[in-house]
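FYI, side chains are in, hydrogens and waters are out, and symmetry mates aren't considered; it's all heavy atoms of this structure. Chain letters run A, B, ... following the sequence lines, proteins first and then strands; every chain starts at 1.
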Amino acid sequence: MTHETIQAGLAAALSDLGAAEAVIQLERPRDPTHGDVACNVALTLAGVLKRAPRQIAEEIVQRLDLAAMGVDTVEIAGPGFLNFRLSSGAVASVLTDILAADLGFGRSEQGASRSVMVEFVSANPTGPLHLGHARQAALGDAIAALLTWTGWRVHREYYYNDGGLQIERLAESVRARYLEHLGHEAEIPEGGYHGGYVRDIGAALAESFGTRFVEDASPEAMDEIRLFAVQIIRQEQDRDLSDFRVIFDEYYLESGLYTEGKVDATIAALKETGLVYEHDGATWLKTTKFGDQKDRVMIRSNGLPTYFVPDVAYHKHKWERGFHRVINVQGADHHGTVDRVHSGVRALGLPEGFPQYVLHQMVRVERDGVEVKFSKRSGSGMTLRELSEEVGVDVTRYFFQMRRPDAHMLFDIDAALDQSDKNPVFKVQYAHARMCSIFAKADVDPKQIAGVGADLSVLGHDLERELVKQLGDFTETLKRAADNTSPHMLCDYLEQTAAAANAWYHAGNPSRNPELAVLVDDPALRQARLILARAVQIVLRNGLIVLGISAPARLDRPTEPTSVDDA
RNA sequence: GCGCCUGUAGCUCAGCUGGAUAGAGCAUCGGCCUUCUAAGCCGAAUGUCGAAGGUUCGAGUCCUUCCAGGCGCGCCA
């Protein structure tokens, strides 16, 4: 890799200057007139060496062996940047690597096969998945994939609360709809669920059990209704998620923490710490010791634990299962629990920073410039299914992934429905399809395009150099996106790559610049450009795979005719 | 009142961990269609980076204070 040869050359020069410890940062300048690779080491050394940055830069340049570094020229620019311009061969050498690695291009081994758990969605089984869950599903799945591509062994987990007050209210709501369905008067209880799905479950309950629960509202009967309702909702959620291409390795039930004694064990372990005290008839944990705003109740005065205890028990158990890195993807409306869980697990001796949280901000949806606020189905906001059925799974996933998790976001349905390069998902997919269409036109099997042996130095056009450099950044981009748990960094990269590929492709439009087309007569040039097109295809496809988005070889024009004159 | 997140072009948002003249898409304006897919292409214009201080060779980025918006602050989950 050329970055490494430059790094080595600079290190030798710096050691000669008595600054061997200096950190060498190489970057790709945004402005192509600043060369292919830039280094700011002369600037950072100015303070240390007590000399002007430009003077230091000149001393460095005098000690460089450019040919050995694959560099054509080096310039000192601005306040003292070193700008390297690479030889064409050095630039294009990455194409050989891309074609050789193919489906594996972009993978790295940062994770060293360590285990990491990504917990996400984790909706309670009280209703359909909504927009927040959709954002979480898209983000969590992409974060998990990024970790896989950077060498981690990833476990996708879904935690759900199958007991508690919410579920009781669901059961009561279902029974009310059930009674209505059978022609009786009934009302949804205070704090109950009003969505259309509750009516469906009530009807299904009547279908399966007849009039059995009309008179019977005993605890046993309510238990049966609860289990019935939860099962139906769980099935619906699973279907929503698998249609959204999100598959979990494990579903973890909160009730298991009780039945397996983990809640009691956690209470006992917390009492051992000496941070537990009694006050007002309740049992408290001194979470303020770990930075929480106030101490938290562990056991209420009625003797029952608060939700705080199973949360801590659950995370302790994650650690014991061997997941020493855990990433929880949650909506920002849950950020209040973060300090509590951290305090609880720290009290039990687990390290700071466990678990790690990715909190995403809230989502607004607009259609025709008007905010969409209500869904009859859910009884509140739009559901994941409604959104993904309206705009498609690819677009829904991408739109949630392309924004920073901590940005409040607007989901514009009109923009999502657009089928042109204005729509970023389409732009990336189409750039991929364009490369495929070149292979079809040339009648070559892309898999048969070989990267070795070709003369890649003929790819000397600025558009080609920029495109190749862009492709070479893919692996670094995946690492950075994984390190920052930020899929949007990959989206940005793919859009830039698609833009660079489109610019190259359009410049070579045979009606304008036949000499810049891929399919030129000169066999060596044609082969080199086919290799470049193949590399573009591989990078775009691999990027889309990471995001869980399809990479079609062809996007057909819409079949409906253009609108007829209705004047 | 306290805590977390956010504030960058008319709109939606990036800004690679402190670097060069702050970017992209949409919208706007100008020029291009018998295309390796014109569902497009080329070009132009667009900024008090919420405000004020501070840190240093250098700040959209770091620190302090303030302003605005979202969310959260129960012996609910």
Side-chain angles (χ1 to χ4, degrees), chain A residues 25 27-31 33-34 38 40 43-44 46-47 52-53 77-81 83 124 126 161 163-167 191 254 279-284 292-294 296-302 304-308 310-311 331-339 359-362 364 366 369 402-412 415 418-424 426-427 430 433-435 437-442 473 476-477 480-481 483-484 486 488-489 491-493 495-496 499 502-503 505-512 514 517-520 529 533 554-558:
Chain A
Q25 288 176 5
E27 59 176 29
R28 187 154 80 78
R30 193 166 249 292
D31 182 346
T33 64
H34 292 149
N40 66 350
L43 293 157
T44 58
F81 288 98
N83 292 341
N124 287 342
T126 53
N161 182 344
L165 201 59
Q166 310 298 329
I167 305 284
E254 188 198 26
H279 178 69
D280 283 348
T283 306
W284 299 68
D292 201 358
Q293 278 188 273
K294 51 186 182 181
R296 301 295 163 182
V297 172
M298 292 167 49
I299 303 171
R300 294 179 263 171
S301 49
N302 66 5
L304 296 173
T306 58
Y307 72 95
F308 165 75
D311 269 4
D333 52 342
H334 289 91
H335 79 253
T337 65
V338 173
D339 280 348
L359 298 180
H360 67 82
Q361 291 294 332
M362 302 295 112
R364 285 179 301 135
E366 264 184 26
M402 73 180 179
R403 300 298 182 212
R404 253 163 57 236
D406 51 11
H408 300 87
M409 75 167 277
L410 174 70
F411 195 115
D412 184 343
D418 182 72
Q419 295 222 338
S420 75
D421 276 358
K422 293 172 191 168
N423 185 333
F426 193 85
K427 175 174 172 175
Y430 201 3
R434 281 190 172 112
M435 299 304 120
S437 79
I438 294 174
F439 306 137
K441 187 86 176 180
D473 287 344
E476 272 308 309
T477 301
R480 202 159 56 82
D483 288 348
N484 290 284
S486 293
H488 78 277
M489 292 178 172
C491 297
D492 279 358
Y493 169 83
E495 286 168 48
Q496 283 169 24
N502 284 341
Y505 172 88
H506 289 299
N509 184 321
S511 72
R512 286 188 287 264
V518 174
L519 304 178
V520 287
R529 285 179 178 164
R554 184 170 180 85
L555 297 173
D556 287 312
R557 292 161 184 262

Classify the side chain of [X] versus the base of [N] as yes if they form a donor-acceptor pair under 3.5 Å and no if they do not.
{"X": "A:S301", "N": "B:C75", "answer": "yes"}
{"X": "A:N40", "N": "B:G19", "answer": "yes"}
{"X": "A:H335", "N": "B:G3", "answer": "yes"}

Counting just side-chain N and O atoms, does [X] come under 4.0 Å of either OP1 or OP2 of [N]?
{"X": "A:H34", "N": "B:G19", "result": "no"}
{"X": "A:T337", "N": "B:A77", "result": "no"}
{"X": "A:Y493", "N": "B:A14", "result": "no"}
{"X": "A:R404", "N": "B:A14", "result": "yes"}
{"X": "A:R403", "N": "B:U6", "result": "no"}

Exercise for the section: Examine the side chains of A:S420 and A:D418 and answer whether a donor and an acceptor come within less than 3.5 Å of each other. Expected result: yes
Selected nucleotide, minimal atom distance to [X] side chain, candidates [options]:
{"X": "A:K294", "options": "B:G74, B:C41, B:A77", "value": "B:G74"}
{"X": "A:V518", "options": "B:A77, B:C5, B:C36", "value": "B:C36"}
{"X": "A:H506", "options": "B:A38, B:C76, B:U37", "value": "B:A38"}
{"X": "A:S437", "options": "B:G70, B:U17, B:C36", "value": "B:C36"}
{"X": "A:M362", "options": "B:A39, B:C71, B:C5", "value": "B:C71"}
{"X": "A:H488", "options": "B:C13, B:G15, B:C2", "value": "B:G15"}
{"X": "A:R554", "options": "B:U6, B:A77, B:U37", "value": "B:U37"}

Measure [atom1]/[X] against [atom2]/[N] and give the value in whole Å, please.
{"X": "A:D292", "N": "B:C4", "atom1": "CG", "atom2": "P", "value": "12 Å"}
{"X": "A:D311", "N": "B:C75", "atom1": "CG", "atom2": "P", "value": "15 Å"}
{"X": "A:Y505", "N": "B:U35", "atom1": "OH", "atom2": "P", "value": "11 Å"}
{"X": "A:M402", "N": "B:G15", "atom1": "CE", "atom2": "P", "value": "13 Å"}
{"X": "A:Q419", "N": "B:G40", "atom1": "CD", "atom2": "C1'", "value": "15 Å"}

Identify whether any heavy atom of [X] sits under 4.0 Å from a base atom; if not, whether one sits that close to sugar-phosphate; answer base, sugar-phosphate or nothing.
{"X": "A:A517", "result": "base"}
{"X": "A:I438", "result": "base"}
{"X": "A:A38", "result": "base"}
{"X": "A:H279", "result": "base"}
{"X": "A:N509", "result": "base"}
{"X": "A:G164", "result": "nothing"}
{"X": "A:S486", "result": "nothing"}
{"X": "A:N83", "result": "base"}
{"X": "A:M409", "result": "sugar-phosphate"}
{"X": "A:L43", "result": "base"}
{"X": "A:A282", "result": "base"}
{"X": "A:H408", "result": "base"}
{"X": "A:N124", "result": "sugar-phosphate"}
{"X": "A:A507", "result": "nothing"}

When you compare [N] with [M], how far apart are their [atom1] atoms, in angstrom units rounded to a whole number?
{"N": "B:U48", "M": "B:A22", "atom1": "C1'", "result": "14 Å"}
{"N": "B:G10", "M": "B:U6", "atom1": "P", "result": "22 Å"}
{"N": "B:G69", "M": "B:G23", "atom1": "P", "result": "32 Å"}
{"N": "B:A14", "M": "B:A68", "atom1": "C1'", "result": "23 Å"}
{"N": "B:C16", "M": "B:A52", "atom1": "P", "result": "23 Å"}
{"N": "B:C75", "M": "B:G70", "atom1": "P", "result": "26 Å"}
{"N": "B:U46", "M": "B:C26", "atom1": "C1'", "result": "13 Å"}
{"N": "B:C13", "M": "B:C33", "atom1": "C1'", "result": "32 Å"}

Practice task
Could you tell me whether the side chain of A:R529 and the main chain of A:L519 form a donor-acceptor pair under 3.5 Å?
Solution key: no
Practice task
For the pair A:N161 (side chain) and A:G163 (backbone), establish whether a donor and an acceptor sit closer than 3.5 Å, ignoring hydrogens and angles.
Solution key: yes
Handout entry: Mate of B:A22 where both pairing distances stay under 3.5 Å, Watson-Crick or G-U
Key = none
Practice task
Determine which nucleotide pairs with B:A59, using a 3.5 Å limit on both distances of a Watson-Crick or G-U wobble pair.
Solution key: none
Completion exercise
Between the CZ atom in A:R480 and the CE atom in A:M489, the distance rounded to the nearest 0.5 Å is 5.0 Å
Exercise for the section: With rounding to the nearest 0.5 Å, note down the distance linking CG in A:D492 to CD in A:Q496. Expected result: 6.5 Å
Problem - Stacking of A:Y307 on B:C76 base (centres under 5.5 Å, planes under 30°) - result: no
Exercise for the section: Output yes if the stacking criterion (under 5.5 Å between centres, under 30° between planes) is met for A:F81 over the base of B:A20, else no. Expected result: yes
Problem - For B:U12, glycosidic torsion class - syn if within 90° of 0, otherwise anti - result: anti
Exercise for the section: Applying side-chain contact (heavy atoms from CB on, under 4.5 Å), run through A:I438 and A:Y505 and close with a yes or a no. Expected result: CA-CA 10 Å; A:I438 294 174; A:Y505 172 88; 3.9 Å; yes
Practice task
Please examine the side chains of A:L359 and A:H334, heavy atoms only from C-beta on, and report whether any two atoms are closer than 4.5 Å.
Solution key: no
Handout entry: Contact check, side chains of A:F308 and A:M298, non-hydrogen atoms, under 4.5 Å
Key = yes
Show me the protein contacts with nucleotides 22-26 of chain B, counting only N or O atoms at under 3.5 Å.
unit_1	atom_1	unit_2	atom_2	d
B:G25	O2'	A:K422	O	3.4

